[in-house]
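Just the heavy atoms: all of them, side chains too, but no hydrogens, waters or symmetry mates, feed the values below.
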Amino acid sequence: MENPTSWPFYEPEEKTSSMQEQNEHDFVTFDDWDFDVEDETTTILHIKETTDDNKKVKKSLISSLNILKDFGNGFRKLKGQKIDVVQISENECTPSVCKLSTEEILRFGGQKFIQSTEFDHPFINSLCSLSEEESRTIMLVERLLASAEKIGEKLFDRAINLLNECDKLSSKTGNPVERLVYYFSRALRERVDIETGKNCTKGLGLHGMRDLQESLRSINACTIAVQDMPMCQVVKFAGIQAIVENVENSKKIHIVDLEIKMGVQWTILMQALTTHHQHNSQNSLEYLKVTALIDVQSRTNVEETGKRLMSFAESLHFPLCFKIVMVKDIFDLKREDLDIDPEESLAVYSQYLLSNMITQQDRLDFLMGFIKELNPCIMIVAEVEANLNSPVFVNRFIEALFYHGALFDLFEDCMKNNESTRKAMEEEVMWHGIRSIVANEGEERTMRHVTIELWREYFKQFGMEEMKMSNSSLYQAKTVVEKFCGKNSFTLEMNENFVTIGWKGTPLNSLSAWKFHKRSTFHRANYFTL
């Protein structure tokens, strides 16, 4: 392990105008942070109960068809208590201006595919009123599903013929469905090459050895774009609100961030704590300490994040201490590395990290056991809310298709004024995930997102108890969503104690809060099928 690197309180350095401009760009904040929210601010419209018919893995085409039927019947929609974000009037959505969403196109394509495999399936009369473009994209989805089925049955020649048909209708510059099929089709081709023993070009996505600098610029733009996406903003504001509620009266606060990235969430926390202590001057804050756990490769970027956070803290006259703890191997991590004061209120923040460790469950087990021993007052967990880890290829393909379909549809609506970044997001970030889920197996399949139901079972062995997200956290989530274009399509729902963020009813992310019971025994089990 390398020696931890840290910045002292108020690291003195001269600010230039360019640095100030950079800080303003990097840390986008809302002026209307409302720390104390009454219970009445969150309106519950209704409770919708759904069922999930795919709790057990079934290695057969029938199972895959059942998954498609679930999506077609709306069974894979969000469930729970819907948080009222906006009301849509009848005039806002009329037949003359509304078209089918990507998810609806996928459902129709799935129904057509089922119709072709079941002789007794009723004719879908609703397809008669579709436009020519919608009919064409539905046929495109049907052929993509058929090709995935043939690959699952090892009928590779027939699969390639269907993929050739997909290539004629799909394009990375077309509508969301055409772009979605374009990337999934190429991932299927790569899977065929792998299974038939052909050489596969591995490198930077679709373009092989493209110019490295251009690739790095695209990845950096994607990183910024991801942080600005509504799902990430909801996670940050609602998650930080939950932390504030558990540490608000502490004089010493310590946050352990498992993957800090740009650290925008801690500017939100600084503002929230500043507001709170301005109204509670008798309980002054001595310091907020943020510790970033990183691997060696992330050092440069996180050091820059630390400098920006320190600069931001200085602008607020806020007592911040930022610390980096670098580990070459997670097994080397020790409690003393974190420099924990017994008087500190400790919180742990994990945003989209734990699922990346599923392929190495021994390391994930160690990390969770280490956190348990720290005994934080709260742990915030944000993860992708999708079952993309099924060992059955066709099942996993269908789940991934609908999940990424919702994302492509979201990008289309929310990134209309930033086409270059949307293109980079799809070519770099989305393609990497699609390729991993569809083309690869074994250790090569690194993208293994699971739903919170499985996380809940896994967390039980560490004595973790779920904490209900407060109405104040839900209010922050609602406030964030209402600031974005396409807000009518975002869905926020309470499912038991956690919040699910979705797009047009398809769940995308979950946000949950946890506490630890000190007296619990760890019993290792393989919760994640590899």
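Side-chain atoms of His254 and Ser345 include no donor-acceptor pair closer than 3.5 Å. Glu245 and Ser470 are linked by a side-chain donor-acceptor pair at a separation below 3.5 angstrom, with hydrogens and angles left out of the test. Under 3.5 Å, the side chains of Trp266 and Asp257 contain a donor-acceptor pair of N or O atoms. Checked by atom type, the side-chain pair Glu103/Thr506 shows no donor-acceptor distance below 3.5 Å. Checked by atom type, the side-chain pair Arg445/Asn440 shows no donor-acceptor distance below 3.5 Å.
In summary, of the residues considered (Met231, Met415, Lys504), a side chain to side chain contact (heavy atoms under 4.5 Å, CB included) with Leu410 occurs for Met231 alone. Tested against Asn175, the residues Lys99, Glu133, Glu134, Glu412 include a single side chain to side chain donor-acceptor pair (under 3.5 Å) partner, Glu133. Screening Ile260, Val290, Val302 for a side chain to side chain contact (heavy atoms under 4.5 Å, CB included) involving Ile324 leaves a single residue, Val302.
No side-chain heavy atom of Met447 sits less than 4.5 Å from a side-chain heavy atom of Leu388. Taking the side chain as every heavy atom from C-beta outward, Thr500 and Leu508 never approach each other to under 4.5 Å. Inter-residue side-chain proximity for Ile452 and Asn495 is flagged as unmet; no heavy-atom pair is nearer than 4.5 Å.
Here the closest non-hydrogen pair linking Met469 and Phe498 is CG-CA, 4.3 Å. Of all non-hydrogen atoms in Leu511 and Gly239, the two that sit nearest each other are CD2-N, 3.7 Å. Between Met464 and Phe516, the shortest heavy-atom distance links the atoms CG-CE2, 3.3 Å. The two atoms that bring Ala313 and Leu320 nearest to each other are CB-CB, 3.6 Å, heavy atoms only.
Between Phe408 and Phe411, the ring planes are tilted. Angles from 30° to 60° get that label. Taking the six-membered ring where the residue is Trp, Phe397 and Phe184 present perpendicular rings, their angle passing 60° and hence far from 30°.
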Inset, instruction - Apply side-chain contact (heavy atoms from CB on, under 4.5 Å) to the pair Trp455 and Val381, showing each step before the final yes or no. - result: CA-CA 10 Å; Trp455 283 119; Val381 177; 5.9 Å; no

Inset, instruction - Apply the test side chain to side chain donor-acceptor pair (under 3.5 Å) to residues Ser510 and Glu383: give CA-CA distance (whole Å), side-chain angles for both, the deciding distance (0.1 Å), then the verdict. - result: CA-CA 6 Å; Ser510 65; Glu383 284 292 342; over 6 Å; no

Legend entry - Worked verdict on Phe462 versus Ile371 for side-chain contact (heavy atoms from CB on, under 4.5 Å): CA-CA 9 Å; Phe462 299 98; Ile371 295 172; over 6 Å; no

Legend entry - Phe318/Phe312 under ring-ring contact (aromatic ring centres under 6.0 Å, His included): CA gap, chis, key distance, verdict: CA-CA 9 Å; Phe318 187 91; Phe312 186 87; 9.0 Å; no

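One finds no salt bridge joining Arg396 and Glu399 here, because no Lys/Arg side-chain nitrogen approaches an Asp/Glu carboxylate oxygen to under 4.0 Å. The pair Glu426-Arg422 meets the salt-bridge criterion, with a side-chain N (NZ, NE, NH1 or NH2) lying under 4.0 Å from an Asp/Glu carboxylate O.
Ser185 is linked by a side-chain hydrogen bond (donor to acceptor under 3.5 Å, both in side chains) to Asp167, counting only residues two or more places apart in sequence or in another chain. Partners of Ser171 under the side chain to side chain contact (heavy atoms under 4.5 Å, CB included) rule, at least two apart in sequence or in another chain, are Thr173. With sequence neighbours left out, the side chain to side chain contact (heavy atoms under 4.5 Å, CB included) criterion links Glu259 to Lys261, Leu353, Asn356. Take Arg456 and apply the salt bridge (Lys or Arg N to Asp or Glu O under 4.0 Å) test, not counting sequence neighbours, and it matches Glu466, Glu496. Under the side chain to side chain contact (heavy atoms under 4.5 Å, CB included) criterion, Asn301 pairs with no residue, sequence neighbours left out. Residues that satisfy the side chain to side chain contact (heavy atoms under 4.5 Å, CB included) test with Asn246, not counting sequence neighbours, are Cys377, Ile378, Met467.
Both tests hold for Arg191 against Phe393: distance to the six-membered ring centre under 6.0 Å, angle to the ring axis within 45°.
Remark: Ile437 CD1 to Ser390 OG distance equals 11.5 Å, nearest 0.5 Å.
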